[in-house]
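Take a look at the structure below.
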Amino acid sequence: MAVAKRIIPCLDVDKGRVVKGVNFLNIRDAGDPVEIAKRYDKEGADEITMLDITASHETRETTYKTVESIASQVFIPLTVGGGVRSIDDIKRLLRSGADKVSINTSAVENPDFVKEAADKFGSQCIVVAVDAKASSQSEDFWEVVTYGGRNRTGMDVLSWTQQVADYGAGEILLTSMDRDGTKEGFDNDLVFQVSNGISLPVIASGGVGNLDHLIDGIKVGGAEAVLAASIFHFSEYTIKEAKEAMRASGIEVRF
Amino acid sequence: MTQVVVIDYGMGNLHSVSKALEAVSVSETITVSSDLEVIKKSDKLVFPGVGAIKDCMEAFSVELKETVLEEVKRKPTLAICVGMQMLLESSEENDGVEGLSILDGKVTKIQSSKEIKVPHMGWNQVKFLKEHPLLKNIDDSSFFYFVHSYCCLSSEDALTETIHGERFISSLAKDNIFAVQFHPEKSQTAGLELYKNFLDWSV
């Protein structure tokens with residue numbers, strides 16, 4: 001008996017529709033977020049993450065409405081991220097029915113925002129999303145990048161995740177920008193180093209192409225949870241199949 | 001018609017609790033309120049709580065605290081997460097906070113390690129120690145969703161236990177009070193079943 005490893009399908013939402021591209025290009029439509037969330041809930045997803053990938057002022061109201069519809073029909077935890085910049089944004093998302101909010105760029109630009117948010121709403125609902133890019137110079141250095149990978153910060157992922165842990169983050173959503181959309185599997189060295197360095201749960205993200213990749217993220221990377229998008233959206237695999245494969249490899253999962 | 005009131009003292013996400021109750025209600029009315037008269041007139045109470053315990057305790061006005069203490073003693077009450085912790089004697093969180101001492105037990109920090117992550121976040125099994133009407137039609141050792149950094153390690157009122165590094169009390173029951181560390185509103189089928197049992201529960 002132990003806490004089960006989680007499978008988290010991720011909905012990348014643009015103007016109220018789920019989309020998924022390769023390295024943020026070639027975006028293709030994957031459907032209505034509420035319907036997809038309901039399907040995942042039925043299939044046994046442990047949580048759902050929704051990322052508002054445009055996050056402009058014009059689309060914000062649509063996002064709140066989508067969050068509200070998902071939250072009133074799906075009774076598993078819902079994390080919402082994308083363009084979260086202020087305490088008010090967090091309040092609005094939590095009121096709309098999000099259980100956790102994921103902060104990325106605004107945490108890098110103002111680390112105290114993590115502290116303030118955790119003090120106000122509790123660590124349990126503050127997820128810090130970290131986008132990492134491997135360095136060509138050193139094997140053990142990953143750089144924090146922002147704005148969907150367009151901006152390099154020079155910051156070390158390992159010290160950054162330790163810092164946000166100290167600032168009260170409740171969880172780390174760790175995405176390898178080198179692997180995202182490639183279907184080559186997680187960057188498990190990265191996942192292992194981050195997971196080993198902090199006592200917070202780490203969600204591995206970026207690069208899942210098959211079920212073995214999910215298993216490796218937990219067994220090799222040491223992640224508490226694995227996040228994937230396209231392998232589930234386009235029905236290559238169901239969540240149930242993923243869980244069966246994980247259980248068969250000796251990982252504790254919830255059925 | 002049965003009136004169920006989710007007590008709103010300004011803390012946490014009450015939306016998910018009330019939506020989950022609405023999803024299983026047949027004829028009950030679910031209201032989220034901080035109005036003393038509404039709380040007094042209710043038939044059943046839900047006492048949620050999320051975030052830091054000190055903020056939760058401080059969010060109570062003196063009148064609201066008095067009313068809740070009075071009402072919780074005689075109405076079927078379901079306390080959730082920090083709501084559960086507030087009903088115990090004390091908590092180590094925020095350098096020590098006094099609880100309402102309605103249930104037996106103290107709240108302490110979960111010990112973390114490389115393997116034992118804190119917050120204890122995710123789905124874990126709930127092992128029944130006794131029978132209770134609120135556990136009807138739920139399998140022993142079902143998974144429920146947890147998210148907390150503090151827990152109660154022992155209590156005379158223990159009803160279920162769960163292991164995260166250490167064994168801790170995942171729910172307590174005493175007379176008309178049922179208190180859970182986990183979040184039934186986020187625990188899919190098993191959680192909705194528990195809410196249904198709460199609505200059906202007569203003490």
Side-chain angles (χ1 to χ4, degrees), chain A residues 1-8 41-42 44-48 67-78 91 93-101 118-127 165 168-172 195-203 222-225 252-255, chain B residues 11-24 49-56 81-82 93-94 110-127 141-149 161-165 167 183-192 195:
Chain A
M1 191 159 91
V3 63
K5 303 297 178 190
R6 289 169 278 157
I7 296 189
I8 309 177
D41 173 50
K42 209 172 281 170
D46 296 306
E47 284 184 34
I48 288 173
V67 171
E68 226 165 80
S69 326
I70 295 178
S72 54
Q73 297 177 57
V74 172
F75 299 103
I76 57 175
L78 173 65
K91 200 182 277 171
L93 286 171
L94 295 177
R95 279 214 187 130
S96 302
D99 299 290
K100 307 184 217 178
V101 167
D119 280 349
K120 183 132 184 92
F121 304 104
S123 295
Q124 82 292 331
C125 67
I126 304 302
V127 181
E171 199 168 33
I172 302 290
S195 184
N196 215 31
I198 52 175
S199 73
L200 298 182
V202 173
I203 306 165
E224 280 294 306
E252 176 122 31
V253 288
R254 169 188 75 109
F255 272 97
Chain B
M11 294 299 292
N13 175 14
L14 307 173
H15 171 104
S16 58
V17 174
S18 64
K19 287 291 170 199
L21 285 163
E22 277 165 20
V24 293
V50 83
I53 194 165
K54 190 161 179 252
D55 294 343
C56 287
C81 197
V82 182
E93 194 179 355
N94 307 122
I110 302 172
Q111 295 304 312
S112 71
S113 69
K114 288 268 155 62
E115 289 77 34
I116 304 302
K117 301 285 186 179
V118 176
H120 170 221
M121 188 182 282
W123 299 80
N124 205 334
Q125 283 173 289
V126 169
K127 191 172 176 346
S141 298
S142 286
F143 280 93
F144 283 86
Y145 188 80
F146 288 84
V147 49
H148 59 123
S149 301
E161 64 179 22
T162 295
I163 298 172
H164 184 57
R167 197 176 291 273
H183 290 270
E185 68 281 5
K186 290 291 143 191
S187 300
Q188 222 217 10
T189 323
L192 294 177
Y195 278 158

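Note that the coordinates shown come from a computational prediction; the quantities given were computed from them, not determined experimentally. A note on names: the letters A, B, ... follow the listed sequences, proteins ahead of strands, and every chain is numbered from 1.
- Only the backbone of V74(A) comes within contact range of chain B, with at least one heavy atom under 4.5 Å from a heavy atom of that chain.
- Shortest non-hydrogen contact noted between P201(A) and M121(B) is CG-CB, 4.2 Å.
- Proximity to chain B (any heavy atom under 4.5 Å) is restricted, for D119(A), to the backbone atoms N, CA, C and O.
- For R6(A), the part sitting under 4.5 Å from any heavy atom of chain B is the side chain, from C-beta outward, and nothing else.
- Options G44(A), A71(A), S195(A), P77(A) differ in how many heavy-atom pairs under 4.5 Å they form with chain B, and the most are formed by P77(A).
- In this structure, chain B has a heavy atom under 4.5 Å from the side chain of K100(A), while its backbone stays farther away.
- Using a 4.5 Å cut-off between heavy atoms, S96(A) touches chain B through its backbone atoms (N, CA, C, O) alone.
- Counting heavy-atom pairs closer than 4.5 Å to chain B, the top residue among V202(A), L200(A), V253(A) is L200(A).
- Contact of H120(B) with chain A is made through the side chain alone, with heavy-atom distances under 4.5 Å.
- Considering OG of S72(A) and CD of E22(B), their distance stands at 9.0 Å, rounded to 0.5 Å.
- Of all heavy-atom pairs between W123(B) and R254(A), the closest is CE3-CD, 3.1 Å.
- Contacts of S187(B) with chain A are made by backbone atoms alone, with heavy-atom separations under 4.5 Å and no side-chain atom involved.
- The nearest pair of heavy atoms linking N124(B) to V3(A) is ND2-N, 3.3 Å.
- Heavy atoms closer than 4.5 Å to chain A are found nowhere in S149(B), neither backbone nor side chain.
- Separating the CD1 atom in I172(A) from the NZ atom in K117(B) is a distance of 10.0 Å, to the nearest 0.5 Å.
- Between atom CG of residue D46(A) and atom CD of residue Q188(B) there is a gap of 9.0 Å, rounded to the nearest 0.5 Å.
- Only the side chain of E224(A) has a heavy atom closer than 4.5 Å to any heavy atom of chain B.
- The candidate with the highest count of non-hydrogen atom pairs below 4.5 Å against chain A, out of V118(B), I116(B), T189(B), is V118(B).
- Among the candidates A4(A), C125(A), S199(A), A165(A), the residue making the largest number of heavy-atom pairs closer than 4.5 Å to chain B is S199(A).
- Under the side-chain contact (heavy atoms from CB on, under 4.5 Å) test applied with F75(A), the options H183(B), K19(B), K186(B) reduce to a single match, K19(B).
- Of all the listed residues (E47(A), Q124(A), Q73(A), K5(A)), the one sharing the greatest number of non-hydrogen pairs under 4.5 Å with chain B is Q124(A).
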